[in-house]
2 protein chains.
Amino acid sequence: MPKIILNKTDTRAPKKLGKEEVKQRTQKLHYRLEELQNLLYAESKHALLVVLQGMDASGKDGVVKNVFDAVNPMGCRVVPFKKPTELEMKHDFLWRVHHQVPEKGMIHVFNRSHYEDVLIQRVHKWIDEKTVKQRFAHINNFEKLLIENGTVVLKFYLHVSKEEQLQRLQERMSDETKMWKYNEGDMKERQYWNQYMKAYEDVFANCSAASPWYIIPADQNWYKEYLIAQTVVSALEALKMKYPGMKSSS
Amino acid sequence: MPKIILNKTDTRAPKKLGKEEVKQRTQKLHYRLEELQNLLYAESKHALLVVLQGMDASGKDGVVKNVFDAVNPMGCRVVPFKKPTELEMKHDFLWRVHHQVPEKGMIHVFNRSHYEDVLIQRVHKWIDEKTVKQRFAHINNFEKLLIENGTVVLKFYLHVSKEEQLQRLQERMSDETKMWKYNEGDMKERQYWNQYMKAYEDVFANCSAASPWYIIPADQNWYKEYLIAQTVVSALEALKMKYPGMKSSS
């Protein structure tokens with residue numbers, strides 16, 4: 001796979017695509033996703049782990065709300081990863097993550113993930129480059145472990161432009177219903193934009209062996225949601241699941 | 001409060017209520033619930049714990065799917081309680097439950113709950129009557145602890161008739177998409193119907209001090225879902241929540 005260069009990668013949908021038509025397709029994908037999730041739960045042979053990564057305001061919460069809202073909440077759990085607790089810091093970086101992976105039958109959506117440990121931590125130089133390399137290897141081994149146990153791992157990078165991000169952060173500051181999401185730190189973190197892009201590019205180059213990264217143009221929510229719904233539906237279709245027959249109690 | 005006698009309590013909607021009209025009202029409640037959940041999450045001063053109890057096939061899963069599907073999955077987690085693990089059995093009965101209560105900002109829906117420890121365990125005489133009484137007291141203290149920490153506790157008993165239950169269990173045996181839900185044990189457990197009703201009546205009489213039980217006629221899904229949506233919306237409205245202003249990073 002050629003190396004991904006983010007500032008040469010589109011953040012918007014191809015011009016010829018019509019928003020309304022895409023939205024209709026997304027709606028159909030939602031119905032199919034609901035059926036597939038029910039099958040996943042009933043069959044309980046596989047699990048689905050969705051990893052959402054992206055800069056602040058790249059629309060991770062929106063994917064949760066507008067794509068995974070389609071599925072039965074019984075079979076879907078959203079796991080946000082924030083600043084680790086003191087206890088979590090005393091463990092290896094995968095400890096808190098491993099605990100939260102989906103059991104068979106379930107979909108878990110990671111809102112941020114173990115990748116933060118090679119992103120924010122690297123950008124701020126809280127870890128050295130040797131540790132970064134070690135962590136890439138640990139991440140690959142970890143994802144392989146999950147995959148070999150029947151988990152489908154889908155990793156999405158929400159690719160938003162620096163201009164679009166600024167606009168969204170400013171909107172957070174002025175919209176009463178969004179103000180609570182704004183964090184002073186968001187604007188400071190923007191200064192590290194180029195370092196983040198570089199760190200992400202390294203992640204894609206080093207952590208795509210077991211399960212590939214999907215780079216999702218994310219300046220337009222309707223396109224982002226369509227691509228993610230489509231990718232999730234295709235991945236679940238590929239499992240060729242069937243309703244199991246009667247179970248006996250034992 | 002007068003003692004609830006379940007076999008004198010309706011399992012169906014009042015005749016004068018029209019199904020289509022009720023469904024429209026439920027739809028409006030869903031939109032309101034979505035807004036309120038967003039406020040709950042943004043404000044993060046309160047949490048909501050919804051406890052669903054009822055006989056097999058009383059429609060607990062249906063409530064999860066058709067009521068809580070309305071909310072953003074980011075702010076809602078469904079927690080099913082099944083047969084305790086060996087480790088859980090070595091702890092007090094509230095240990096595994098306490099771990100799963102919602103933090104501020106969140107809605108957790110318990111599909112079965114700590115009440116099973118005074119229901120199935122009592123009906124099968126796995127615990128003695130002295131233990132039952134002790135557990136009632138522990139449950140009340142536990143719920144008080146949650147309430148005093150800002151959690152709204154809503155407890156629903158889905159009241160289904162014995163005839164309706166039979167019909168639903170038989171449907172599970174014949175519908176390919178539902179077969180996996182059927183468990184041989186369900187039919188056996190039906191033999192204890194009267195003991196269960198008695199045990200539930202005792203729960204309502206003894207565990208309604210801190211937060212009342214809502215007895216929901218559950219033979220018709222549309223009516224059950226309406227009543228629960230309405231109760232949840234009213235409880236959240238009563239919190240008079242507001243969007244918080246800008247947070248400062250620290």
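Order of the sequence lines fixes the chain letters, A, B, ..., with proteins taken first and strands second; residue numbering starts at 1 for each chain. Everything quoted here is computed from the prediction, not taken from an experiment.
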Colleague: Check the pair A:Trp213, A:Tyr200 against ring-ring contact (aromatic ring centres under 6.0 Å, His included), reporting the backbone distance first and the verdict last.
Modeller: CA-CA 10 Å; A:Trp213 273 93; A:Tyr200 268 113; 7.1 Å; no
Colleague: Is A:Val71 in contact with chain B via its backbone, its side chain, both, or neither, using a 4.5 Å heavy-atom distance?
Modeller: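 Only the backbone of A:Val71 comes within 4.5 Å of chain B.
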Colleague: Which one, A:Asn111, A:Asp61, A:Val79, leads in non-hydrogen pairs under 4.5 Å with chain B?
Modeller: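 That would be A:Asp61.
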Colleague: Between A:Arg168 and A:Asp186, does any NZ, NE, NH1 or NH2 come within less than 4.0 Å of an OD or OE carboxylate oxygen?
Modeller: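 Salt bridge flag = no for A:Arg168 with A:Asp186.
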Colleague: Against chain B, work out which of A:Val78, A:Val109, A:Leu39 has the most heavy-atom pairs shorter than 4.5 Å and name it.
Modeller: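 Looking at each of A:Val78, A:Val109, A:Leu39 in turn, A:Val78 comes out on top.
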Colleague: Can you pull the salt bridge (Lys or Arg N to Asp or Glu O under 4.0 Å) pairs that have at least one residue in residues 22-51 of chain B, sequence neighbours excluded?
Modeller: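 Listed once each, the pairs are A:Lys65-B:Glu34, B:Glu21-B:Arg25, B:Arg32-B:Glu35, B:Arg32-B:Glu237.
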Colleague: For a salt bridge (Lys or Arg N to Asp or Glu O under 4.0 Å) with B:Asp56, tell me which candidate from B:Arg112, B:Lys188, B:Arg190, B:Lys181 qualifies.
Modeller: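 Of all the options given, the one that passes is B:Arg112.
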